[in-house]
Engineer: 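Next up is a structure, given as structure tokens.
Chain naming here is simple, since letters A, B, ... match the order of the sequence lines and numbering starts at 1 in each. Here the structure is a predicted model, which means the values were calculated and not measured.
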Amino acid sequence: MAETLSYLMLGFQEVLVPTTLLMTFIGVVMGTVVGVLPGLGPSAALSVLLPMVYGKEAIPSLAMLAGIYYGAMFGGMITSISINVPGESASVVTSFDGYPLAKQGKAGMAMGISAISSFCGGTFGIILLTIMGAALAKFALAFGPPEYFAIYLFTFVAIMTIGSGGKIIESAIALIFGLLISCIGLDVMTGTARLTFGSVNLLAGVDFLPAVVGLFGLSEIVLSLSEGEKIEIDKKKGNYKQYSFKNVFPKLHDFIHSLPAIIRGGVVGFIVGVLPGAGATIATFLTYNIEKRVSKDPDSFGKGNIRGVAVAEAANNGAASGAFVPLLTLGIPGSATTAILIGAFIMVGITPGPALFSEHPDVAWGLISSMYVGNVMLIIITTAFIPFFIWVLGISQKTLPIIVASLCVVGTYSLNNSVFDVLLMLVFTVIGLFMKKLEFPVSPVIIAIVLGGDLEFAFRQSLQLFQGNIFMSFTRPICVVLYLLSLLLIALPVVGGIKKRLAAKSQVS
Amino acid sequence: MSLVQIFSIIMVIAGALGIYGALQLDIVYNNIVGPAVMPLIYSIALLALVAVYFAKGRNAPKIEWNMMLKPPKSDAWIFYILNIVMFILLYLLGTIPSILVFSVGTSLCLKRMNLVKTIVFSALWVAALYFIFVVYLGVQFSTGILIK
């Protein structure tokens, strides 16, 4: 524990310098804006802004990008509560009770509790990350290729099952498509060109940036244009008064009433966030249902129960912190957003994984410390500047498509000064559009592109180690546990499906 | 045709290309799996999954093409076409002209702002991009093959 605290102090030393503080501030403000804007989630925003960290210092760059991620979780609540338009999917649950509270003239109070819950959930998650991160990384240092292969396999199975939202086939197609894309380029073990079809541009493989920008950034904007989404905002000055600092600051009894929900949301959110594929959206729905079940007055949920707002916000921020555990300790992203963050690590010259805490303790602990600082910044920003963010939402509707598209094109081009990358980005935009229209989960494609090469490398190294017999990996306990967990994840939906069919048959008969 | 069918065709093409590409490579290398194995496994799995998905979605509604040419769908088409124009201009004329044309074109075609506001916004936006990428990040903007 003393060692952890001393490392944390080292992290604060790295963060409490003007450059990093400024970058963290920029990140959390941008994240809040992103959370406010419908049609631009944290994944899209991170993908668009990723080229900006290329070649820059690691700690300020990563602090900024992480700030965008958890800032978006904070910002999502502003429009969920004020105008019933969740800026991103993890804020949908906040609107269930937040908007009814706003209609009762308690928007300020709802936002205040929301901001405090977000802060508590996020900070709670960071404390757990601080405690668990280094310990887990130490444990993972003993992993060899077979263990890594088993972890990648478990991650992919979890994404296909837990993270699929019931769309297992669609999720599997997205995942396999991403894995196939990851095969393009020079083979890591033999140096043979694979699936390049004679193109020199494909020899280095498909860079993950054009894919992520196309699948998340540009396709999101094209889709929102095709659906003609327009938001009406009441511009009367009186409407803003309920968001003044005095009204937003919650009363003590409201906070005490919400405290159990905040704790439950933070704990469950963090655990769900750690699981690959689950993410903040699932965490919010799950914790909301738990809160409804434990409540003495479940009927008041959906009609303006402040605990409904508190639990959802604590959960999505807890999940955002939880997602950093597999990212920092194992180098495994559990969601599209963390997959993009892995790309950011690589762009600043650092490989996330077990060695991160021992080889780059300044970066690992600097990032964690920046999250404490960022959460403090966020609670001030979100309680004091709510009218500003609602104003941003109003003006952004005219210019957002132009800003995002030009950032996508210039950002993708600037990565390798390659027009071919821009062409790839436009192709991925079309694929992303199809996937979103057909309600395919898009994040498995990105996670597969990021991890596909490592999965194959671990598999082939394991085969070399076991002289061609992969079943030898069953002699290693961690592999066995992970294989069994993967099997369990596959078996659960199958058994559930069979049970449902049997129940339906017995009803008919 | 339905969206499901079109997407399935795209995925089948991807799977078929994967198999074709993999068959040009070694299946066994140094007595363990060669570079062909993973693309081959992925391609076959992709084709099998797409077949299941295609069968599941065979009754999916067909695309109403006449709706595609009316707002708001047409706005998305125009926007995507303008992105392609931006890409072509990026190749031919370079970054700054392509962003200017895209910004003005998008704003006017999608009726976002009037001409004066559009020109002012576009000029400011190009200047902001120049500052972020060229001054701050040290990225070289493309000059385009015609200007080179």
Side-chain angles (χ1 to χ4, degrees), chain A residues 51-52 54-56 169-170 172-173 176-177 179-181 183 187 189-190 192 194-197 218 221-223 225-229 397-399 401-403 405-411 413-414 417 419 422-423 426 429-431 433-435 437-438 440 452 455-456 459-460 463-464 467-468, chain B residues 3-4 6-7 10-11 14-15 17-18 21-22 25-26 29 31-36 38-39 42-43 45-46 49-50 52-53 56-57 71-73 75-76 79-80 82-84 86-87 90-91 95 98-99 102-103 106-107 110 112-113 121-122 125 129 132-133 136-142:
Chain A
M52 293 192 187
Y54 188 68
K56 294 281 157 196
I169 297 285
E170 287 85 343
I173 290 175
I176 304 274
F177 176 68
L179 287 171
L180 191 58
I181 298 285
C183 291
D187 176 39
M189 293 188 87
T190 62
T192 318
R194 292 195 303 187
L195 311 182
T196 56
F197 304 103
L218 199 55
I221 294 294
V222 179
L223 191 71
L225 277 174
S226 79
E227 285 165 4
E229 287 167 359
Q397 292 188 65
K398 288 179 183 161
T399 52
I402 299 167
I403 290 173
S406 34
L407 274 176
C408 287
V409 168
V410 178
Y413 173 80
S414 62
N417 284 356
V419 179
V422 181
L423 179 66
L426 290 171
T429 302
V430 176
I431 293 168
L433 268 174
F434 271 103
M435 295 182 93
K437 272 275 178 200
L438 294 168
F440 269 65
L455 169 91
E456 183 179 356
F459 175 64
R460 287 164 74 180
L463 281 176
Q464 267 184 342
Q467 288 159 346
Chain B
L3 268 183
V4 172
I6 297 176
F7 184 69
I10 294 173
M11 287 295 121
L17 282 173
L25 305 164
D26 297 328
Y29 182 86
N31 293 327
I32 59 158
V33 292
M38 294 312 249
Y42 297 149
S43 304
L46 185 65
L49 286 163
V50 170
V52 176
Y53 177 69
K56 251 177 65 177
K73 304 273 180 211
D75 286 355
F79 182 71
Y80 189 72
L82 283 166
N83 271 281
I84 295 172
M86 176 161 55
F87 161 70
L90 179 77
Y91 182 63
T95 309
S98 70
I99 301 288
F102 172 76
S103 181
T106 307
S107 182
L110 301 184
R112 296 268 150 170
M113 289 177 270
F121 168 76
S122 303
W125 179 233
L129 279 177
I132 296 168
F133 282 91
Y136 173 65
L137 293 170
V139 170
Q140 283 291 312
F141 270 174
S142 156

Engineer: Look at B:T95, B:I99, B:N83 and state which one has the largest set of heavy-atom pairs under 4.5 Å with chain A.
Structural biologist: B:N83
Engineer: Show your working on side-chain contact (heavy atoms from CB on, under 4.5 Å) between A:L407 and B:L129 and close with a plain yes or no.
Structural biologist: CA-CA 8 Å; A:L407 274 176; B:L129 279 177; 3.8 Å; yes
Engineer: Can you confirm if the aromatic rings of B:F133 and A:Y413 lie within a centre distance of less than 6.0 Å?
Structural biologist: no
Engineer: Need one label for B:L46: side chain, backbone, both or neither, based on atoms under 4.5 Å from any heavy atom in chain A.
Structural biologist: both
Engineer: Which one wins on heavy-atom pair count under 4.5 Å against chain A: B:D26, B:I10, B:V33, B:T106?
Structural biologist: B:V33
Engineer: Are more than 12 heavy atoms, taken from residues, nucleotides or ligands other than B:Y91, located less than 6.0 Å from that residue's OH atom?
Structural biologist: no
Engineer: When only pairs under 4.5 Å are counted, which of B:P71, B:G21, B:P39 shares the most heavy-atom pairs with chain A?
Structural biologist: B:P39
Engineer: If you look at every heavy atom in A:R460 and B:I32, which pair is closest and at what distance?
Structural biologist: O-CD1, 3.9 Å
Engineer: Considering only heavy atoms, which portion of B:S142 lies under 4.5 Å from any heavy atom of chain A: side chain, backbone, both, or neither?
Structural biologist: both
Engineer: Where is the tightest heavy-atom contact between A:V409 and B:M86, given as atom of each residue plus distance?
Structural biologist: CG2-CE, 3.3 Å
Engineer: Compare all side-chain heavy atoms of A:K437 with those of B:F7 and state whether any distance is below 4.5 angstrom.
Structural biologist: no
Engineer: Could you look at A:F177 and say if it's the side chain, the backbone, both or neither that has a heavy atom under 4.5 Å from chain B?
Structural biologist: both
Engineer: What are the two closest non-hydrogen atoms of B:A76 and A:S226, and how far apart are they?
Structural biologist: CB-CB, 3.5 Å
Engineer: I need the residue from B:F87, B:F141, B:F121 with the largest number of non-hydrogen atom pairs under 4.5 Å to chain A.
Structural biologist: B:F87
Engineer: Identify which part of B:Y29 has an atom lying under 4.5 Å from any heavy atom of chain A, answering side chain, backbone, both or neither.
Structural biologist: side chain
Engineer: Answer with side chain, backbone, both or neither: which region of B:L3 has an atom nearer than 4.5 Å to a non-hydrogen atom of chain A?
Structural biologist: both
Engineer: Enter the distance from B:M11:CE to A:L180:CG here, rounded to the nearest 0.5 Å.
Structural biologist: 9.5 Å
Engineer: Evaluate the criterion side-chain contact (heavy atoms from CB on, under 4.5 Å) for residue pair B:L90 and A:V422; output intermediate values, then yes/no.
Structural biologist: CA-CA 9 Å; B:L90 179 77; A:V422 181; 3.9 Å; yes
Engineer: For B:F102, which atoms come within 4.5 Å of any heavy atom of chain A: side chain, backbone, both, or neither?
Structural biologist: side chain
Engineer: Quick one: does any side-chain atom of B:Y80 pair with a main-chain N or O of A:L426 as donor and acceptor, under 3.5 Å?
Structural biologist: yes
Engineer: Within the distance-only criterion (no hydrogens, no angle test), does the side chain of A:R194 pair as donor or acceptor with the backbone N or O of B:P35 below 3.5 angstrom?
Structural biologist: yes
Engineer: Output the option from A:I431, A:V430, A:I403, A:L433 having the highest count of non-hydrogen pairs under 4.5 Å with chain B.
Structural biologist: A:I403
Engineer: What part of A:T429 is in contact with chain B, defined as an atom under 4.5 angstrom from a non-hydrogen atom: side chain, backbone, both or neither?
Structural biologist: side chain
Engineer: Does any heavy atom of chain A fall under 4.5 Å from the side chain of B:S107, the backbone, both, or neither of them?
Structural biologist: both
Engineer: Quick one, A:T399 and B:W125 - any side-chain contact, counting heavy atoms below 4.5 Å?
Structural biologist: no
Engineer: Just give me the residue among A:L455, A:T192, A:L423 that pairs up with chain B most often, heavy atom to heavy atom, under 4.5 Å.
Structural biologist: A:L423
Engineer: Would you mind reporting whether A:L218 and B:F79 have side-chain heavy atoms less than 4.5 Å apart?
Structural biologist: yes
Engineer: Between B:L110 and chain A, with a heavy-atom cut-off of 4.5 Å, which part of the residue counts as in contact: side chain, backbone, both or neither?
Structural biologist: side chain
Engineer: In terms of heavy-atom pairs under 4.5 Å, which option from A:D187, A:L179, A:V419, A:L195 contacts chain B the most?
Structural biologist: A:L179
Engineer: Let me confirm one number: the CG-CD1 distance from B:L49 to A:I169, rounded to the nearest 0.5 Å.
Structural biologist: 5.5 Å
